Amino acid sequence: MNGRERFLAALAGEKLNRPPVWLMRQAGRYLPEYRAVRAAHGFWDVCHDPELSTKVALEPLKLFPLDAAIVFSDILVVPQAMGLGITFGKGEGPQVASPLRTEEDLAKWNTAGLMDRLAFLPRAVSHLKEALKGSHGLLGFAGAPWTLFCYCVEGSSQDEFQTARVLLHTQPQLAKRALGILADAAAELLEAQCQAGADAVQLFDTWGGLLPADSYAELVAPALRRIVDRLHAKNRKVLLYVRGGHHLLPVLPSLGLDGLSLDWRTPFPAARAALPDGVLQGNLDPVLLFTSPAVVKERTRAMLASMGDGRRCIANLGHGILPGTPVESVKAMVDAVVESAR
Ligand code: CP3
């Protein structure tokens, strides 16, 4: 069975001799091949050019026996296309030129013709799909509304996203409207990627874990539910990654997700108890990739054992691969999953 067949079988809940494996941020700065492309091209230029985005998305598939590819893009394409002006400073993460603080700021968000300005992303998906010829599963993705809201309000990467969390409660109407706009954009963008050939889509809620469960349930979950419902109406499969989301496990099942991508602190058994029929993905600590191939293999085997019978499971990291990660560790992890086949 090839990677795509294995990936689809896991999503369908079929019994497999091992789970499929792919890694969040598998195409990125830890790869010399990616850095070479970035030395010659700007980040947005790589996203916008289907030849380049396909090239960097394929690199990790050449190096490791992965079962799925993820389109090369970024969650911040949505605020970028709405006119917030996103740039990536050297090492400091994203910068937003026009952050969201007031009703006037929100009124400036340019949503007319948004999907035309984002057409490069489904185009990148179909280009990658053609190159794969069915060999690997293919994921599309988008930022979850709350995480995009965090960047839009804060204007840069922060540990606590205090301005965003304060605004959520001081201007709840403004926040709800913004989250609704971001949800509609995510739903449309994910559907466009499915139409272009994505086998499943993943929402990234990197900063979801900053919120307590009651705020998440009341203010964020409705926006997520709207996205899931719209994609389910078209029979699409939707996974959600939440960083630091262990305390949100009681809330997440109500979203109707097909699967949950666990961070490294959320154990598989706890997530399985919350989502008995869902696909669970994860969750090796990405920092472990800085140890040694022997430790990586041992911890990967322990992670696989924590999946129980491994049904409805996908092996992955608990967060994206960090810049500077040794390539040999990534290989050790993927090999350990492949070697676990019974
Ligand atoms: O293989 C892949 O997964 C690549 C596709 C991908 C990127 N970003 C490319 C990228 C994906 C799935 C993302 C998701 C993303 N982007 C998230 C959610 C997942 C997570 O890691 O939490 C978030 C929060 C972002 C926002 C973002 N984009 C940040 C914070 C940064 C700068 C810091 C960093 O990690 O590099 C980016 C830029 C970015 N997105 C890069 C890449 C390869 C590096 C840009 C460069 O080449 O200089």
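All figures in this text were calculated on a predicted structure; none of them were measured in a lab. Nothing fancy with the numbering, it's 1 onward along the sequence.
Side-chain heavy atoms closer than 4.5 Å link hydrophobic residues (I, L, V, M, F, W, Y) into clusters, and following such links, possibly through other members, connects Y34 to F88. The hydrophobic cluster containing V96 also contains F43, counting ILVMFWY residues as joined when their side-chain heavy atoms lie under 4.5 angstrom apart, directly or transitively. One hydrophobic cluster, built from ILVMFWY side chains closer than 4.5 Å, holds both L100 and L179. Each of L280 and L16 belongs to its own hydrophobic cluster when Ile, Leu, Val, Met, Phe, Trp and Tyr are linked at side-chain heavy-atom distances under 4.5 angstrom.
Side chain of D49 to backbone of D45: no donor-acceptor contact under 3.5 angstrom is found. Side chain of D285 to backbone of W264: no donor-acceptor contact under 3.5 angstrom is found. In terms of modelled atom types and a separation under 3.5 Å, the side chain of E5 and the main chain of N2 share a donor-acceptor contact. Without hydrogens or angle criteria, N316 side chain to M24 main chain gives a donor-acceptor distance under 3.5 Å. Judged by distance alone, the side chain of E154 and the main-chain N or O of T163 form a donor-acceptor pair under 3.5 Å. In this structure a side-chain-to-backbone donor-acceptor pair under 3.5 Å is present from D105 to T102. Under a 3.5 Å cut-off, the side chain of R272 and the backbone N or O of M307 do not form any donor-acceptor pair. Not a single donor-acceptor pair under 3.5 Å links the side chain of E298 to the backbone N or O of V295. In this structure a side-chain-to-backbone donor-acceptor pair under 3.5 Å is present from T147 to T206. A donor-acceptor pair under 3.5 Å links the side-chain atoms of R38 to the main chain of H41, judged by distance alone.
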inquiry  = Show, in sequence, the C-alpha distance, side-chain angles and deciding distance for L58 and L132, and conclude whether the side chain to side chain contact (heavy atoms under 4.5 Å, CB included) test is met.
reply    = CA-CA 8 Å; L58 291 177; L132 292 173; 3.7 Å; yes
inquiry  = Please evaluate residues K129 and D199 with respect to the criterion salt bridge (Lys or Arg N to Asp or Glu O under 4.0 Å), reporting the C-alpha separation (whole Å), side-chain torsions for both, the decisive distance (0.1 Å), and the verdict.
reply    = CA-CA 10 Å; K129 181 88 176 173; D199 295 310; 3.5 Å; yes
query = What's the verdict on side chain to side chain contact (heavy atoms under 4.5 Å, CB included) for D184 and R226, showing C-alpha distance, side-chain angles and the deciding distance?
reply = CA-CA 8 Å; D184 289 341; R226 198 144 112 200; 3.1 Å; yes
task = Could you walk me through whether D335 and K331 pass salt bridge (Lys or Arg N to Asp or Glu O under 4.0 Å), step by step?
result = CA-CA 6 Å; D335 284 348; K331 182 165 171 14; 2.7 Å; yes
Pair R265-D263, salt bridge (Lys or Arg N to Asp or Glu O under 4.0 Å): steps then yes or no = CA-CA 6 Å; R265 294 155 295 191; D263 102 334; 2.5 Å; yes
task = Assess whether side chain to side chain donor-acceptor pair (under 3.5 Å) is satisfied between Y216 and D205, documenting all intermediate values.
result = CA-CA 11 Å; Y216 199 87; D205 209 355; 2.7 Å; yes
ask   = Could you walk me through whether L322 and R25 pass the side chain to side chain contact (heavy atoms under 4.5 Å, CB included) check?
value = CA-CA 8 Å; L322 293 160; R25 301 282 195 120; over 6 Å; no
inquiry  = side chain to side chain contact (heavy atoms under 4.5 Å, CB included) for R165 and L211? Distances and angles first, verdict last.
reply    = CA-CA 8 Å; R165 283 157 68 195; L211 295 176; 4.0 Å; yes
key: Intermediate values then yes/no, side chain to side chain donor-acceptor pair (under 3.5 Å), Q202 and Q281   = CA-CA 11 Å; Q202 180 159 318; Q281 174 176 277; 3.0 Å; yes
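By the 6.0 Å contact criterion, NZ on K297 is enclosed, its count of non-hydrogen atoms from other residues, nucleotides or ligands being greater than 12. Residue Q195 places its CD atom among more than 12 non-hydrogen atoms of other residues, nucleotides or ligands, all under 6.0 Å distant. Atom NZ of K55 has 12 or fewer neighbouring heavy atoms from other residues, nucleotides or ligands inside a 6.0 Å radius. Few gaps surround CD on E339; more than 12 heavy atoms of other groups in view lie less than 6.0 Å from it.
Contact check for M303 versus F268: side-chain heavy atoms found under the 4.5 Å cut-off. Inter-residue side-chain proximity for L203 and Y241 is flagged as unmet; no heavy-atom pair is nearer than 4.5 Å. Counting heavy atoms from C-beta outward, D74 and Q80 have side chains that stay 4.5 Å or more apart. Counting heavy atoms from C-beta outward, T300 and V334 have side chains that stay 4.5 Å or more apart. Between S261 and L240 the shortest side-chain heavy-atom distance does not fall below 4.5 Å.
The shortest non-hydrogen separation linking A271 to L262 is CB-CD2, 3.6 Å. Minimum interatomic distance between R18 and R6 (heavy atoms only, all atoms of both residues): O-NH1, 2.8 Å. Between G137 and F7, the closest heavy-atom pair is CA-CD2, 3.9 Å. Here the closest non-hydrogen pair linking L31 and V327 is CD2-CG2, 4.1 Å. Heavy atoms only, all atoms of each residue included: S53 and P50 are closest at OG-O, 3.4 Å. When every heavy atom of G143 is checked against every heavy atom of L148, the shortest pair comes out as O-CD1, 3.7 Å.
To the nearest 0.5 angstrom, Q26 atom CD is 5.0 Å from L66 atom CG. In this structure, F120 CZ and H48 NE2 are separated by 3.5 Å, a value rounded to the nearest 0.5 Å. Separation of atoms CG (L260) and CD1 (I314) is listed at 11.0 Å; rounding is to 0.5 Å. Note that the CZ atom of R4 and the CG atom of L8 stand 5.0 Å from one another [nearest 0.5 Å]. The line from CG of D214 to NE2 of H247 is 9.5 Å long, rounded to the nearest 0.5 Å. Summarising the geometry, atom CG belonging to L224 is positioned 7.5 Å from atom CG belonging to L257; distances are rounded to the nearest 0.5 Å.
Between K62 and E33, no side-chain nitrogen of the basic residue sits less than 4.0 Å from a carboxylate oxygen of the acidic one, so the salt-bridge criterion is not met. A salt bridge is defined here as a Lys NZ or Arg NE, NH1 or NH2 lying under 4.0 Å from an Asp or Glu carboxylate O, and E191 with R230 fails to meet this definition.
Donor-acceptor pairing under 3.5 Å is recorded for the side chains of S156 and Q158. Between the side chains of D258 and H232, at least one donor-acceptor pair of N or O atoms lies under 3.5 Å. Judged by distance alone, the side chains of Q95 and T87 never bring a donor and an acceptor atom under 3.5 Å apart.
Exactly one residue among L121, L128, V56 makes a side chain to side chain contact (heavy atoms under 4.5 Å, CB included) with F72. That residue is V56.
In this structure, F161 and W207 have tilted ring planes: the angle between them lies in the 30° to 60° band.
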